[in-house]
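Below is one structure, written out as structure tokens; the observations come after it.
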Amino acid sequence: MTENDINKDYSCMDDYDPNSILPDEALRRIFDTISAITETESIPIREALGRVLATNVTSEINVPSGRNSAMDGYAINSEDLPSDGTNTLKLIGSSFAGKPSDIKLKQGECIRIMTGAILPEGSDTVVMQELVDVSGDQINFGADTKPGNNVRQAGEDLAIGDLVLEKGMKLTPADIGLLASLGLAEVTVTRKLKVAFFSTGDELRSVGEKLDNGAIYDSNRYTLYGMLTRLGADITDMGVVKDDRELMDEAFLEATGKFDVLITSGGVSVGEADYVKETLLKRGEVDFWKVAMKPGRPLTFGKLDSTYFFGLPGNPVSVMVTFYQFVQPALKKMAGENSTMPIMMKVPCISKLKKRPGRVEYQRGILEPDKTGRIVVRKTGAQGSGILRSMGDANCFIVLPLENNGVDTDELVDVQPFHGIV
Ligand code: AMP
Ligand code: MG
């Protein structure tokens, strides 16, 4: 065997791992195991931004409540519209937004009307003010307006009984605006998930501490803080736990049953000082501990009493990739969200990508328009699992399937835009 052969053999072994399960299988197992929480709370609509709706919301009123004008102009009866030439109507009053008129229009009459004002009885059309000639109380206009123009019908936005927002939606600014337009001050949402996390590793120092020889700053607690905050979780940062069997056991016991989810990073490889899987086996159940993916193969999922457990790898990029691919969909499902998976789309890749078969890869990419305006993707720089900058520079994951063995320029690749993820 030449050195090349040895390397090749080793690299094949490295990428095909019989103990690993496929990412799809890992997701399926997670989704089969966890269930959505049932506790809900009623909160003011402003506080509900980003929260998950716990019930369907149907409209009890018409929005708008009455037929009103979409323009500043003149309310008329469409029978007074000329089929050609012009017509002149007599101005007999006005209707302003919030100050409706009780005039009943008769044939040959019109009233001045402002945007949002209720149409008076006897009118069904508004002629824009730009299209009329005014001479005293005589309003003259042509044939360019059609019956019903510039009128918003009652219930046009929402009618009584309409399903307005569906249970399981994550409330957006538009949604809380809609709730306000229905006159609802409060809304029922699922409670926030209680999520705790800690980092493991003797080499880790927290920001503010001195960096002695061989030490590194703990960044995983910060990326986890960011990702969990965006998800709207109620988070508890348990700090750094040393690579020590007893300390690890204590930390696990402290979290067990107290949180919906416990997330750790590091200590899940097969190194001497990797106690996470061992402690999970002792205190709870391990469902799986290796996924055929890159980065992030040593990913552990299990349960500690009522607390679900995710043991993420230690490398900073692996933490983010495994969080977005598995933890986030799981937390979304637990919080009662309908839509849990990131969107995926096919885009031409303008970089050559290296890959060996055997694992699904989540390379970091930048989606952008090329000179012709076509959306393409290119990779960020170095793709090592410790290079957090590759995540910072990226705006998408390029997802390469298990058997893929590299991508040529202009080949189509699957892309998950971060916008659809976070
Ligand atoms: P481990 O899985 O514990 O062997 O960690 C894998 C690599 O990730 C090692 O190089 C660690 O130093 C690094 N690492 C682990 N935890 C963190 C952390 N919280 N922040 C930054 N790097 C980490
Ligand atoms: Mg470690």
Evaluation steps, side-chain hydrogen bond (donor to acceptor under 3.5 Å, both in side chains), between T372 and D370: CA-CA 5 Å; T372 66; D370 69 5; 2.7 Å; yes
Go through it in stages, so that I can follow the logic: the residues are Y324 and Y362, the test is ring pair (Phe, Tyr, Trp, His ring centres under 6.0 Å), and I'd like the CA-CA distance, side-chain angles, deciding distance and then a yes or no. CA-CA 11 Å; Y324 284 135; Y362 301 84; over 10 Å; no
With no hydrogens and no angle check, is any side-chain donor or acceptor of N77 less than 3.5 Å from a backbone partner on E79? yes
Do the side chains of L228 and I263 get nearer than 4.5 Å, heavy atoms only? yes
If only atom types and distance count, is the side chain of E47 paired as donor or acceptor with the main-chain N or O of P44 below 3.5 Å? no
Counting only heavy atoms not in K167 (residues, nucleotides, ligands), do more than 12 fall under 6.0 Å from its NZ? no
For residues F418 and M391, determine if any side-chain heavy atom of one lies less than 4.5 Å from a side-chain heavy atom of the other. yes
Looking at E368 and R378, does any basic side-chain N land under 4.0 Å from a carboxylate oxygen? yes
Distance from M345 atom CE to I375 atom CD1, nearest 0.5 Å? 7.0 Å
Considering only heavy atoms from C-beta outward, does the side chain of P329 approach that of L27 to under 4.5 Å? yes
Keeping to residues at least two apart or across chains, list the salt bridge (Lys or Arg N to Asp or Glu O under 4.0 Å) pairs with something in residues 19-32. E25-R28, E25-R29, R28-D32, R29-D287
Spacing of L179 atom CG and L171 atom CG [to the nearest 0.5 Å]: 6.0 Å
Short side-chain to backbone donor-acceptor contact, T322 and V319, under 3.5 Å: yes
R46 atom CZ, over 12 foreign heavy atoms within 6.0 Å: no
What pair of heavy atoms forms the shortest contact from P100 to S95, and how long is it? CA-OG, 3.9 Å
Electrostatic pair R283-D249, nearest N-O below 4.0 angstrom: yes
So CZ of F301 and CZ of F326: to nearest 0.5 Å the spacing works out to 11.0 Å
Residues K194 and D234 bridged, charged N to O under 4.0 Å: no
Which is it for L182 and L158 under the side chain to side chain contact (heavy atoms under 4.5 Å, CB included) test, yes or no, and what are the steps along the way? CA-CA 9 Å; L182 296 177; L158 303 169; 3.4 Å; yes
Separation between CD1 (I350) and CD1 (I366), nearest 0.5 Å, reads 9.5 Å
Could you check whether Y225 and F197 have their ring centres less than 6.0 Å apart? no
With a 3.5 Å distance limit and no angle check, can you tell me whether S351 reaches the backbone of L353 through a side-chain donor-acceptor pair? no
Please check if the side chain of Q383 supplies one atom and the backbone of T380 the other of a donor-acceptor pair under 3.5 Å. yes
Indicate every side-chain donor-acceptor pair of residues 120-130 with a distance under 3.5 Å to a residue at least two apart or in another chain.
unit_1: S123; atom_1: OG; unit_2: P120; atom_2: O; d: 2.7
unit_1: D124; atom_1: OD1; unit_2: S78; atom_2: N; d: 2.8
unit_1: D124; atom_1: OD1; unit_2: S78; atom_2: OG; d: 3.3
unit_1: D124; atom_1: OD2; unit_2: S78; atom_2: OG; d: 2.8
unit_1: T125; atom_1: OG1; unit_2: G148; atom_2: N; d: 2.9
unit_1: Q129; atom_1: OE1; unit_2: R112; atom_2: NH1; d: 3.1
unit_1: Q129; atom_1: OE1; unit_2: R112; atom_2: NH2; d: 2.7

For D72, enumerate each residue passing the side chain to side chain donor-acceptor pair (under 3.5 Å) test, keeping only those at least two apart in sequence or located in another chain. T115
Whether the side chain of K355 engages the backbone of L402 through a donor-acceptor N/O pair (distance < 3.5 Å, no angle test) should be reported. yes
Please list all pairs passing the side-chain hydrogen bond (donor to acceptor under 3.5 Å, both in side chains) test where one or both residues lie in residues 255-271, with sequence neighbours left out. R191-D260, N220-S265
So, K333 side chain and F31 main chain: donor-acceptor pair closer than 3.5 Å or not? yes
Under the side chain to side chain contact (heavy atoms under 4.5 Å, CB included) criterion, do L280 and T300 qualify, and how do the steps go? CA-CA 9 Å; L280 181 64; T300 305; 3.6 Å; yes
Would Q363 and L400 count as a side chain to side chain contact (heavy atoms under 4.5 Å, CB included) here? Give the steps. CA-CA 8 Å; Q363 300 200 5; L400 302 174; 3.6 Å; yes
Kindly indicate whether the side chain of L331, heavy atoms from C-beta on, has any atom under 4.5 Å from the side chain of F323. yes
Report the residue from W289, F198, F252 that forms a ring pair (Phe, Tyr, Trp, His ring centres under 6.0 Å) with F309. F252
Please list all pairs meeting side-chain hydrogen bond (donor to acceptor under 3.5 Å, both in side chains) that have one or both residues in residues 173-190, counting only residues at least two apart or in different chains. S42-E186, T172-D175
Got a donor-acceptor contact below 3.5 angstrom from the D17 side chain to the N19 backbone? yes
Verdict with reasoning, R297 to S318, per side-chain hydrogen bond (donor to acceptor under 3.5 Å, both in side chains): CA-CA 8 Å; R297 176 157 54 192; S318 311; over 6 Å; no
Take atom CD in E278; do more than 12 heavy atoms of anything else shown fall under 6.0 Å from it? yes
Going by the side-chain hydrogen bond (donor to acceptor under 3.5 Å, both in side chains) test, which pairs reach into residues 149-164, not counting sequence neighbours? N68-R152
Heavy-atom donor-acceptor pair, T88 side chain to Q138 backbone, under 3.5 Å: no
Say you draw a straight line from CZ of F310 to CG of L262; how long is it, rounded to the nearest 0.5 Å? 10.5 Å
Would you please test V291 and L22 for side chain to side chain contact (heavy atoms under 4.5 Å, CB included) and show each step? CA-CA 6 Å; V291 181; L22 294 176; over 6 Å; no
d(I113 CD1, Y74 OH) to nearest 0.5 Å is 11.5 Å
When you measure from the side chain of E411 to the backbone N and O of D408, does any donor-acceptor pair fall under 3.5 Å? yes
